[in-house]
Amino acid sequence: DQQVKQNSPSLSVQEGRISILNCDYTNSMFDYFLWYKKYPAEGPTFLISISSIKDKNEDGRFTVFLNKSAKHLSLHIVPSQPGDSAVYFCAASVAGTASKLTFGTGTRLQVTL
Amino acid sequence: DGGITQSPKYLFRKEGQNVTLSCEQNLNHDAMYWYRQDPGQGLRLIYYSQIVNDFQKGDIAEGYSVSREKKESFPLTVTSAQKNPTAFYLCASSNRPGGTEAFFGQGTRLTVV
């Protein structure tokens, strides 16, 4: 049972445009959400997170939006740059449970020139 | 520099052999985790440890074993009982149980030949 879903396996965006990566979850106990970026043959690196008490968190070019009623979150990258090309994983956790992260299957973002 | 070190980066194993993957961290983190990544799938939790001398099974623990004798170290043994061991293995740590961001190592690619 996939509790965190990223339904788009890939996304292609032109440089300078907005990239929107989506993530849905089914477990209503999740209250902390994270986005990780991963290059091939490397470990994921933390990008941005959001607690369920917020609906938006911004860090530079990256903004995460959370819609709790829809159990949906999205990552916006503006403007997109070629170096953003990577696989992006959405992850969720329940606070106080040893930080066990449940990951989505990832979305491969390709930023083209 | 603080971080998580996984070794080796590439590992080949003959069928029927056990193999141990190393994970060391100097971040003074209490919690450590092992994940497995397969093509087209998200990261799946194998085992996690909240404190020294304690560890719990994750979602796919069968065929794996771990130990946590020191805070800095969390080795993973892939046993011959693991039916499909070829994968990319990632170790992570976080600063407290129930903590937020997990920091990942660079990963070990295990191939069974």
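Numbered from 1 within each chain, the chains take letters A, B, ... in sequence-line order.
- Residue B:Val66 is grouped with residue B:Met32 when hydrophobic side chains (ILVMFWY) are merged at heavy-atom distances under 4.5 angstrom, including chains of intermediate members.
- Near-neighbour residues of residues 82-92 of chain B relative to chain A, defined by a heavy atom under 4.5 Å from a heavy atom of that chain, comprise B:Phe88, B:Leu90.
- Within 6.0 Å of atom NZ in B:Lys9, more than 12 heavy atoms from other residues, nucleotides or ligands are found, so the atom counts as buried in its surroundings.
- Interface residue A:Pro44: backbone and side-chain heavy atoms are both found under 4.5 Å from chain B.
- Environment of CZ in B:Arg44: crowded, with over 12 heavy atoms of neighbouring residues, nucleotides or ligands closer than 6.0 Å.
- Contacts of residues 104-112 of chain B with chain A at a heavy-atom distance below 4.5 Å involve B:Phe104, B:Gly105, B:Gln106, listed in sequence order.
- Partners of A:Gln6 under the side-chain contact (heavy atoms from CB on, under 4.5 Å) rule, at least two apart in sequence or in another chain, are A:Cys23, A:Trp35, A:Phe89, A:Cys90, A:Thr105, A:Thr107.
- A:Tyr36 has its side chain out of reach of B:Leu43: every pair of non-hydrogen atoms, C-beta onward, lies at least 4.5 Å apart.
- Residues B:Phe103 and B:Leu76 fall into different hydrophobic clusters, defined by Ile, Leu, Val, Met, Phe, Trp and Tyr side chains chained together at heavy-atom separations under 4.5 Å.
- Here OH of B:Tyr35 is found 4.0 Å from CG of A:Leu101. Values are rounded to the nearest 0.5 Å.
- Looking at B:Gln56, neither its backbone nor its side chain comes within 4.5 Å of chain A, counting heavy atoms on both sides.
- For NZ of A:Lys68, the number of neighbouring non-hydrogen atoms (other residues, nucleotides, ligands) closer than 6.0 Å is greater than 12.
- When the side chains of ILVMFWY residues are joined at heavy-atom separations under 4.5 Å, either directly or via intervening members, A:Tyr88 and A:Ile20 end up in two distinct hydrophobic clusters.
- Cluster membership for A:Phe65 and A:Phe46, using ILVMFWY side-chain heavy atoms within less than 4.5 angstrom, is not shared.
- For A:His72, there are no ring pair (Phe, Tyr, Trp, His ring centres under 6.0 Å) partners at least two apart in sequence or on another chain.
- Counting non-hydrogen atoms of other residues, nucleotides and ligands closer than 6.0 Å to CZ of A:Arg17 gives a total of 12 or fewer.
- Side-chain heavy atoms closer than 4.5 Å link hydrophobic residues (I, L, V, M, F, W, Y) into clusters, and following such links, even through other members, never connects B:Leu27 to B:Val52.
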